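Have a look at the structure below before the remarks.
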Amino acid sequence: MDVARTEENIRLPDEVAQEVAEGRLQTEQMVLNVGPQHPATHGVFRLLATIDGEVLVDAEPVIGYMHRGYEKLVEARDYRQITNLVSRMDWLSGINNEMPLALAVETLMELEVPPRAQYLRVVLLEMNRILNHLMFFASFAAELGAITPTFYAFREREDIQAAMEMATGGRMHFGYMRPGGLKEDVPKGFFDQALFGVRQVMDRIDDYYNLIIGNEIYKQRTIGVGVLDKELAYNYGVSGPIARGSNIDFDVRKDEPYLAYADFDFEVPVGLNGDCFDRFWVLLHEVYESARIVEQAIEGMPSGPILGKVPRVIQAPEGEVYVRCENPLGELGMYLVSDGDRRPYRLKIRTPSYNNVSVLPVVLRNTFVSDMIAILGSFFFVLGDIDR
Amino acid sequence: MLDERKLSAARKRTYGIGLLKGMAVTLKHLFKHNTVIEYPDEKQDLGPRTRGVIALKEENCTVCMLCARECPDWCIYIDSHKETLPPKREGGRPRKRNVLDRFAIDYALCMYCGICVEVCPYDALFWSREFEYAEYDIRQLTHEKEKLSDWMATVLPPPALEAGAEQPGQPVAATPAAAAPAPTAVAPAPTAVAPAVQPAGATTPTPAPSMSAPAETTEADKARLPAPPAHPAPRATTDPEAAGRSPEVPTTGQETVLSDQEKAVYQEDPGPNVDVPAEQPQPVALERSEDAEAVYQQVLKEQLDKGSSAQVAEARARVARAKAERGIKRGPTPLTVDKPVPSAPTKGAPRPEPSGAPEAKAPQPDPGPVAAPAEAGAAGSDEAETSAPAAAKEPAAEEPPSAEPVSTPDPQAAAPAVGGSDETPDQVFERVLQEEKAKGSSDAVAQGRAKAARVKAERAQK
Amino acid sequence: MFELNLSDWQILLVKLGLVLAIVPAITLVAGYAEHKVMAHLQHRLGPMYPGGFHGWATLLADGLKFIYKEDIIPAAADRKVFSLAPLAIFVPTVLTVLVLPLDETLVVEELDLGLFYLLAVSSISTIGMLMAGWSSSNKYALIGALRAAAQLIAYELPIVLSAAVAAMLAGTLSLNGIVEAQEWPFVLWPPGIGLIAFLVFFGAGVAELTRPPFDMPVAESEIITGAFTEYSGMRFIFSTFFPEVANMVIISGVATTLFLGGYQPIVPLGFLDAVPGLVWFTLKTAFMVFMLLWIRPTFPRLREDQLQKFAWKFLIPTSLVLILAAGAWVLYAPEGLK
Ligand code: SF4
Ligand code: SF4
């Protein structure tokens with residue numbers, strides 16, 4: 001084993017430095033398996049990282065560990081069951097997943113959704129968005145090493161969670177949407193709880209801001225890190241807060257208003273530089289805007305039924321339709337082909353996380369290992385949403 | 001506020017002030033009152049809608065199997081057997097009913113979607129907010145009906161609704177209530193509906209009331225039962241050949257929502273013991289011969305001609321024979337084909353439901369002891385009785401109980417009846433009145449039914 | 001002669017025994033404080049059940065749990081080095097306690113070269129880290145070990161240089177001597193020099209502890225637990241938790257000794273002398289520990305290169321300038337001010 005210390009293989013530091021400078025010294029690259037079980041990937045996501053020291057030379061995301069065959073499964077389930085199934089696709093934004101399905105069926109069946117149902121939907125969707133964003137606020141900070149935001153965010157989540165639970169009975173998988181409206185009306189006290197929850201978040205955003213965004217260490221870690229060009233984002237079909245962080249001013253809620261979104265006054269925060277900082281900044285601002293929407297919707301809540309004239313058996317007539325909604329993570333599209341059955345003939349689901357993650361290898365190239373974590377954290381994705 | 005913090009301002013270098021601000025935030029929380037709920041000692045007050053665990057009200061369950069069928073995970077296991085009860089009236093037939101033997105939910109599989117609770121038409125399933133039933137062994141998460149019934153005590157009443165909600169009858173919430181066996185809500189309808197059937201069934205005395213009433217049904221319920229068979233019946237009287245020729249026709253009546261494809265699925269090679277509801281017209285065939293054995297042969301031949309598998313054909317023939325033997329002239333099964341639609345989760349997969357009839361004591365409750373109520377009804381005359389109420393009540397369960405059949409006379413049903421019997425409305429009235437009296441109905445009931453029949457006949461004429 | 005030697009040995013043994021008993025005890029207390037303080041900073045309660053009263057026995061229960069855990073050594077690991085590494089980290093930690101003057105006379109061994117000994121012993125743990133990381137034959141462990149080595153060496157320098165400032169101001173390397181020299185603690189006097197030296201020492205100390213915001217070697221979201229990824233059971237405790245908490249207390253103690261006036265009252269006012277030196281020392285150390293606990297949950301962590309930059313481009317130049325300033329102060333400051 002021992003290499004004899006002869007004159008030839010002893011090199012002085014100067015010589016080594018020269019070799020490095022001339023590119024003669026071969027430093028060895030190492031393939032690091034980040035995941036499928038790794039704290040930073042929050043889920044079974046694997047990143048084949050080729051590293052040279054602390055520098056990430058190449059990264060290749062490996063997905064599919066959680067493939068559950070949703071698109072095939074739903075062909076054998078009726079619409080009510082599908083509502084509950086798609087809820088589990090992106091487990092952080094259950095009710096947002098149910099939305100495009102309900103909209104697609106409504107479009108095909110030409111169902112009228114009563115205004116109260118629309119407003120309630122908006123309330124629930126936006127509260128779910130806040131839940132989702134707070135979760136990513138927490139996890140991103142935790143990945144950068146700040147553990148406290150997790151607890152603060154979960155404290156605020158809890159109150160909104162309570163409101164959601166009050167209405168739907170569930171904490172993550174709500175199963176509350178129905179083609180034509182909602183499953184049932186919200187119970188008494190829901191509006192108070194919801195308002196309390198979102199107002200509390202609005203108040204506490206200052207704390208979040210001071211704790212994380214204003215922190216110099218945080219800025220050092222995120223500014224200029226993981227820059228996603230506007231062009232690149234377009235090419236890869238990136239959407240949601242990540243795209244908006246890259247200065248793409250597109251939000252389905254604003255640009256193709258569905259439900260009652262046109263009634264509300266809210267802004268779409270847009271970043272400039274496309275780095276981790278901007279993405280996260282957009283995320284935090286969206287929390288605020290969502291909270292504003294919830295407030296407005298509850299204040300303007302119409303009364304009336306919550307389910308339109310819906311036949312007893314939901315059977316989308318023959319036809320096809322593509323519906324897209326603004327999931328918390330980006331554009332969630334569902335392409336529903338129906339042959340007039342109680343089940344879809346085909347349901348193609350375009351999930352935001354899938355596209356968002358596919359741009360990762362490009363962004364990750366030539367970063368540091370620590371940056372990799374920051375970038376992974378700022379490419380808000382949910383594994384179930386990628387693999388579905 | 002946040003709006004003022006424009007992005008560029010946020011990105012500015014701040015030389016340590018941010019660090020201090022962050023420390024101030026955490027320090028502030030050090031002195032704040034804590035909101036932690038110390039779980040085992042303190043408990044959160046969960047709402048009544050919380051999906052904690054599913055509780056079963058055993059008395060209410062009629063083994064209609066709807067929940068098991070609609071469950072996306074097939075994690076509800078139901079077994080039942082028949083029980084014969086003494087006749088309610090002197091000289092009546094003994095009544096039979098399904099008795100629940102096993103009702104288990106595998107909570108290891110359950111995804112807490114709540115569909116079972118939502119579909120149960122008899123108010124037998126409820127959400128309880130209880131959630132502390134973890135086990136060390138996954139097998140112990142299958143909870144039997146005793147345990148499920150225990151949880152009934154923890155079920156909270158449904159919450160009041162938020163301001164602006166449609167308070168009383170929102171469709172879904174109302175479902176169980178309307179469907180509850182309390183017949184008062186539906187009582188008005190039957191009296192109007194039942195007579196409408198009579199002209200159709202003119203050739204044979206109506207067997208329905210006495211035989212299709214399970215133990216707990218009341219007069220009103222009984223009266224309601226005969227309503228749906230209006231479709232098969234006319235053919236029986238007027239055009240038996242036609243009915244025999246196209247056995248599917250009767251199912252595509254007013255209530256039918258089966259698409260062709262589904263029917264196809266449904267008729268595809270069902271498992272042993274499974275009868276196919278779409279094939280309900282055998283009773284029609286019975287009209288032609290009272291000889292049980294002949295019926296058997298005839299049905300068998302018909303079925304085989306039609307291309308049913310030998311097994312299915314035989315099963316159907318046997319059913320037909322049994323009915324003939326017992327003198328059932330006309331199928332009492334009020335098929336609302338809506339329900340038997342296989343929620344069969346695998347489209348195209350031929351047999352997701354291995355055992356349909358409750359006799360098939362599926363000993364191990366694998367993927368699906370899911371039996372459509374109508375299947376059960378078709379599987380034998382015995383089942384017909386008990387499943388009848390299930391099928392009959394369902395429409396009432398989900399539709400407002402406004403007796404649709406009356407307000408919208410079914411052209412398919414009514415037209416042939418009139419055309420075939422050539423009775424004037426008055427004649428109809430008289431005939432029905434006589435029939436009712438012969439049957440022993442009280443005067444008022446007989447009058448009512450006869451009147452309704454007349455109205456129906458009049459409308460049909462127009 | 002022989003007898004005298006024996007009794008010396010006996011005394012030393014007793015002292016060592018005391019240290020071996022006290023260090024774990026203090027670690028437990030500090031660990032418990034860490035649990036609780038951090039929990040409340042994060043608006044939660046922390047452990048509440050073990051032991052009954054506010055979960056005081058949490059760490060005992062934790063220790064018990066770790067004892068019962070399976071001790072796994074990876075098949076590909078270098079067994080000997082792998083098992084020795086925790087020792088190489090743990091022992092120096094205990095050894096540093098020997099020279100800390102808790103009170104005028106309350107010190108295990110008063111060395112003339114106390115400061116020198118302290119700094120020398122505390123840098124041994126770097127080797128332990130490297131041993132652990134290399135022998136585990138795990139990529140994460142390797143990265144962690146190299147990060148740790150780079151970081152510990154980089155921050156060793158500012159620590160030594162800023163400690164040198166204290167030594168220069170006191171004119172001795174003996175820890176007792178340094179404390180005695182601080183009638184006014186160095187943080188307050190000489191103005192500026194002492195304070196900045198203290199901050200440099202403190203910052204580098206945090207890095208030396210590999211605690212946030214300088215915890216890249218064990219950054220759990222990046223490289224699991226760095227060098228100790230493969231460790232389990234008691235070995236894990238003795239290589240991560242125990243040294244980390246113990247070192248936290250020790251660094252606080254050293255900072256107290258060097259810059260906060262050790263067992264001396266915080267300001268030289270007559271009536272404060274009534275309070276025993278041990279209490280002063282404990283109070284000051286506790287304050288330092290609290291600062292460390294406060295920083296930990298508040299900040300995100302730096303990146304490896306930023307960490308190095310911070311050490312080489314900021315802390316080391318600063319401390320070099322401080323040494324100059326301290327020298328100038330010692331030589332040229334008017335006698336009345338000293
Ligand atoms: S909650 Fe859903 S999955 Fe669970 S038993 Fe009911 S229907 Fe089945
Ligand atoms: S759906 Fe039918 S089988 Fe299921 S619980 Fe209700 S009554 Fe019983």
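Throughout, a chain's letter reflects where its sequence line sits, starting with A, and its residues are numbered from 1. The structure presented is a predicted model; accordingly, all values stated were derived computationally and were not measured.
- Qualifying salt bridge (charged side-chain N to carboxylate O under 4.0 Å, His left out) partners for E71(A), counting only residues two or more places apart in sequence or in other chains: R346(A), K348(A), R388(A).
- When heavy atoms are compared at a cutoff of 4.5 Å, Y208(A) does not approach chain B at all.
- No cation-pi contact links R221(A) to Y218(A), judged by a cut-off of 6.0 Å to the six-membered ring centre and 45° from its axis.
- Listed for the R51(B) side chain is a donor-acceptor partner under 3.5 Å among the backbone atoms of T168(A).
- Taking T148(A), D207(A), L211(A), I82(A) one by one and counting their heavy-atom pairs under 4.5 Å with chain B, the maximum is reached by D207(A).
- At least one side-chain heavy atom of L120(A) sits less than 4.5 Å from a side-chain heavy atom of R116(A).
- Of the listed residues (G169(A), S303(A), G181(A)), the one with the most heavy-atom contacts under 4.5 Å to chain B is G169(A).
- Within the 4.5 angstrom heavy-atom criterion, no atom of M23(B) approaches chain A.
- Using a cutoff of 4.0 Å between basic side-chain nitrogens and carboxylate oxygens, R292(A) and E295(A) are not scored as salt-bridged.
- Of the two parts of M166(A), only the backbone, made up of N, CA, C and O, holds a non-hydrogen atom closer than 4.5 Å to a non-hydrogen atom of chain B.
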